[in-house]
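Please read the structure below before turning to the comments.
These values consider heavy atoms only, across backbone and side chains, with no hydrogens, waters or symmetry-generated copies.
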Amino acid sequence: SDRITVEHAGISAWAPPPSLVQAPFDLLVSNPPYIPHAQMATLDPEVVDHEDSVALDGGDDGLDVVWEILRAAPSLLRDGASVWLEVDESHPELLEAQFTRNGAGATTGRAP
């Protein structure tokens with residue numbers, strides 16, 4: 001129990017508690033809002049009827065919250081840590097292109 005810490009928080013307002021200043025995370029996992037805004041009107045009723053739009057709508061390209069998470073990640077994670085995000089099927093290529101442009105040593109993957 002002293003080897004794992006789980007924090008549940010929104011990325012915009014979240015700040016690491018003092019206990020984490022010397023011990024950053026090894027893993028950041030998130031299922032952020034990632035649906036591109038234009039696709040919100042095309043979602044199946046079983047999705048729209050059971051999910052708050054704030055939990056689904058990721059902005060124009062669906063990456064608004066994803067970028068917030070990725071901007072915050074370096075200050076939250078140890079060297080060699082991982083970030084696992086659920087994103088739209090179009091996002092891995094966009095993210096990898098951005099990582100390459102920025103010279104980041106990040107890779108994207110897809111779950112089977």
Next on the checklist: Quick check: do Ser53 and Met40 have side-chain heavy atoms less than 4.5 Å from each other?
Outcome noted: yes
Donor-acceptor pair, His91 side chain versus Asp88 backbone, under 3.5 Å?
yes
Which of Val29, Leu63, Val65, Val66 passes side-chain contact (heavy atoms from CB on, under 4.5 Å) with Leu85? It is Val66
Tightest non-hydrogen contact, residues Ser82 and Trp84, listed as CB-NE1, 3.7 Å
- Give a yes or no on this: more than 12 heavy atoms of other residues, nucleotides or ligands lie within 6.0 Å of atom CG of Asp49. yes
Determine, using the 4.5 Å side-chain heavy-atom cutoff (strictly less than), whether Ile35 and Val47 are members of one ILVMFWY cluster.
yes
Evaluation steps, side chain to side chain contact (heavy atoms under 4.5 Å, CB included), between Glu93 and Glu96: CA-CA 5 Å; Glu93 290 177 5; Glu96 198 155 296; 5.9 Å; no
* Cluster link Ile69 to Leu56, ILVMFWY, side chain under 4.5 Å -> no
Report yes if the side chains of Pro92 and Val87 come closer than 4.5 Å at any heavy-atom pair, otherwise no.
-> yes
Heavy atoms of Asp61 and Pro36 approach each other most closely as O-CG, 3.7 Å
I'd like to know if the side chain of His37 pairs up with that of Asp57 as donor and acceptor (distance under 3.5 Å, no hydrogens or angles considered). yes
Rounded to the nearest 0.5 Å, the CG atom of Leu76 sits from the CZ atom of Phe25 at a distance of 6.5 Å
**Heavy-atom check, side chain of Leu70 versus side chain of Leu95, under 4.5 Å** = yes
Among the clusters formed by ILVMFWY side chains lying less than 4.5 Å apart, do Val83 and Tyr34 turn up in the same one? no
